[in-house]
Student: 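The structure's right below; bear with me while I get my questions together.
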Protein chains: 2
Amino acid sequence: MDDILHSCYQELQKRHIRLTPQREAVLLVLYREKDEHLTSYELFEKAKKIYPELGLATVYRTLELFQEVGLLREVQFDKGLTQYELRDPQDGHHHHLVCKHCGYPQEIDGIFPEKLLELITEETGFMITDYCCQFYGYCEKCRVNSDKDGKQAKVEELTRGEVLKDART
Amino acid sequence: MDDILHSCYQELQKRHIRLTPQREAVLLVLYREKDEHLTSYELFEKAKKIYPELGLATVYRTLELFQEVGLLREVQFDKGLTQYELRDPQDGHHHHLVCKHCGYPQEIDGIFPEKLLELITEETGFMITDYCCQFYGYCEKCRVNSDKDGKQAKVEELTRGEVLKDART
DNA sequence: TTCCTTGCAAATCCTTTGCAAGGGT
DNA sequence: ACCCTTGCAAAGGATTTGCAAGGAA
């Protein structure tokens, strides 16, 4: 499954989209850090190392372009924090487990049953072409840690979460 | 299912959170327009009609407070567009079908099987306390309409979508 | 030549913060 | 008296836009 980069090149070519050095720099960084959920600015800084003349506006324009073409997807984990991830234009849904404690978005793949999607379409008439889910809770590491120690800030935040959880039970 | 407002009042009282006229105005608008997915500014304008001295900053502060308490949830359909929806602090997950054509986020409830969540927890060790999914595609209305007529802008946008869909098939 | 793409700086939009004032407890 | 809450204006951050210049087709 390493040909996602190849798929991307192919997709761009197929659509006669010029692959400028700026765009390629962005694409390469997205590929290299594809497990990292980069923000636009992080992406900009990293891509600048490949192509130093690069401007931030160009990064935004490139991200928008890539998105239209289906090469990447925006994910919003927090208000005002947009992250981007490369995706194989051929396929591929994956979802995120966002820990309320450490905030780290962990990825999960393929658990989603296609039947569920069919069911939704049947019931609503809505034709689903794409989807994306976020799950909130506590990751394994944070659950273990919070049983033992508890640094000030972390504990406070955890308490909030617990309260929320209680309210729902 | 009309007692969501009641649950909210109860929840605030339980936590000894003062219900100022500003906060109540926000709550009432959220309740009244609970199917509308208001943005902060829309909310502000509508709440202002109830309590004209209301300031925008207060709306933001109130939204943050309500969110901590579990009275509402933020939903991000588009970059830079945060919408808020009231939720029963007692329960309730629901998801959205976002039409790529008309952009209208339609809600669906309860289709999500609990087993799926358990499965995820088993496989990842991640304890899910909350989740939220967005499905993208074309709603029934838009699918029907696009078969018949096609206004300029709409057709153009639809084409984009179709292309994306093709790329995935 | 014409169209596409870019960098830079300015503009815009959404949200948060500082602060002094008002009100509840 | 003390703490919470507010409105206003200013600040902050992310993203977009205007524009003139450089390059590809």
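To find a chain, count down the sequence lines: A is the first, B the second, and so on, and within it residues start at 1.
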Student: Testing B:Leu72, B:Thr58, B:Thr82 for side chain to side chain contact (heavy atoms under 4.5 Å, CB included) with B:Leu63, which one passes?
Tutor: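 It is B:Leu72; the other options fail the test.
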Student: Has A:Ser40 got a side-chain N or O lying under 4.0 Å from the OP1 or OP2 atom of D:dA14?
Tutor: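 No, no such contact exists.
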Student: In whole angstrom, give the distance that lies between atom OH of A:Tyr41 and atom P of D:dG12.
Tutor: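 Answer to the nearest Å: 16 Å.
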Student: Can you tell me which stems DNA chain C forms when a stem means 3 or more consecutive Watson-Crick or G-U pairs under 3.5 Å?
Tutor: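 Stem list for DNA chain C: C:1-25 with D:1-25.
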Student: Quick check: on DNA chain C, is the nucleotide nearest A:Arg23 upstream (toward 5') of the one nearest B:Tyr84, or the reverse? Name the residue that is more 5'.
Tutor: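 Going by which nucleotide is closer to the 5' end, it is A:Arg23.
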Student: Write down the distance between CD (A:Glu74) and P (D:dA14), rounded to a whole number of angstrom.
Tutor: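 Atom-to-atom, A:Glu74 to D:dA14, this comes out as 15 Å.
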Student: Mind calculating the distance between CD1 (B:Ile17) and C1' (D:dC4) to the nearest angstrom?
Tutor: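 In whole Å, D:dC4 C1' and B:Ile17 CD1 are 12 Å from each other.
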Student: List the atom of A:Thr39, the atom of A:Tyr84, and the distance in Å for their closest heavy-atom pair.
Tutor: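 Taking A:Thr39 first and A:Tyr84 second, the nearest heavy atoms are C-CD1, 4.4 Å.
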Student: OP1 or OP2 of D:dA14 less than 4.0 angstrom from a side-chain nitrogen or oxygen of A:Thr82, does that happen here?
Tutor: no
Student: Looking only at heavy atoms, what is the nearest atom pair of B:Arg23 and B:Arg18, with distance?
Tutor: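 Taking every non-hydrogen atom into account, NH1-O, 2.8 Å.
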Student: Taking only N and O in the side chain of B:Tyr60, is any of them less than 4.0 Å away from OP1 or OP2 of C:dT16?
Tutor: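 Answer no for this pair, as no side-chain N or O of B:Tyr60 is under 4.0 Å from OP1 or OP2.
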Student: Quick one: the side chain of A:Arg61 and the base of C:dG7, do they pair up donor-acceptor inside 3.5 Å?
Tutor: yes
Student: Tell me whether the side-chain N/O atoms of B:Thr20 come closer than 4.0 Å to OP1 or OP2 in D:dT6.
Tutor: yes
Student: Is the closest basic N to carboxylate O distance between A:Arg15 and A:Glu11 below 4.0 Å?
Tutor: yes
Student: Can you check the B:Phe44 CZ to C:dT15 C1' distance for me, whole Å?
Tutor: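 Distance, rounded to whole Å: 13 Å.
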Student: Can you name the closest pair of heavy atoms from B:His37 and B:Glu42 and give their distance?
Tutor: O-OE1, 4.2 Å
Student: How many whole angstroms separate atom CD of B:Glu42 from atom P of C:dC14?
Tutor: 10 Å
Student: Please report, rounded to the nearest Å, how far the C1' atom of C:dA10 is from the CG atom of A:Leu56.
Tutor: 14 Å
Student: Find which nucleotide of DNA chain D each of B:His16 and B:Lys48 is nearest to by heavy atoms, and output the residue with the more 5' nucleotide.
Tutor: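 It is B:His16, whose closest nucleotide lies nearer the 5' terminus.
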Student: Identify which nucleotide among D:dA25, D:dT5, C:dG7 has an atom closest to any side-chain atom of A:Glu53, counting heavy atoms from C-beta outward.
Tutor: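 The answer is C:dG7.
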Student: Looking only at side-chain atoms of A:Ala57, point me to the closest of D:dT6, C:dC8, C:dT15.
Tutor: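 Of the candidates, C:dC8 comes closest.
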Student: Among D:dG7, C:dT6, C:dT5, which nucleotide has an atom closest to any side-chain atom of A:Thr58?
Tutor: C:dT6
Student: If every non-hydrogen atom of A:Pro21 is compared with every non-hydrogen atom of A:Tyr51, which pair is closest and at what distance?
Tutor: CB-CE1, 3.6 Å
Student: Could you tell me how far apart B:Gln67 (CD) and C:dT15 (C1') are, to the nearest whole angstrom?
Tutor: 13 Å
Student: Give the rounded distance in Å between these two atoms: OH of A:Tyr51 and P of D:dG22.
Tutor: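 In whole Å, D:dG22 P and A:Tyr51 OH are 13 Å from each other.
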Student: Looking only at heavy atoms, what is the nearest atom pair of B:Leu56 and B:Ser40, with distance?
Tutor: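 Distance-wise, the nearest heavy atoms are CD1-O, 4.4 Å.
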Student: How long is the span from the CG atom in A:Leu43 to the OH atom in A:Tyr60, to the nearest 0.5 Å?
Tutor: 10.0 Å
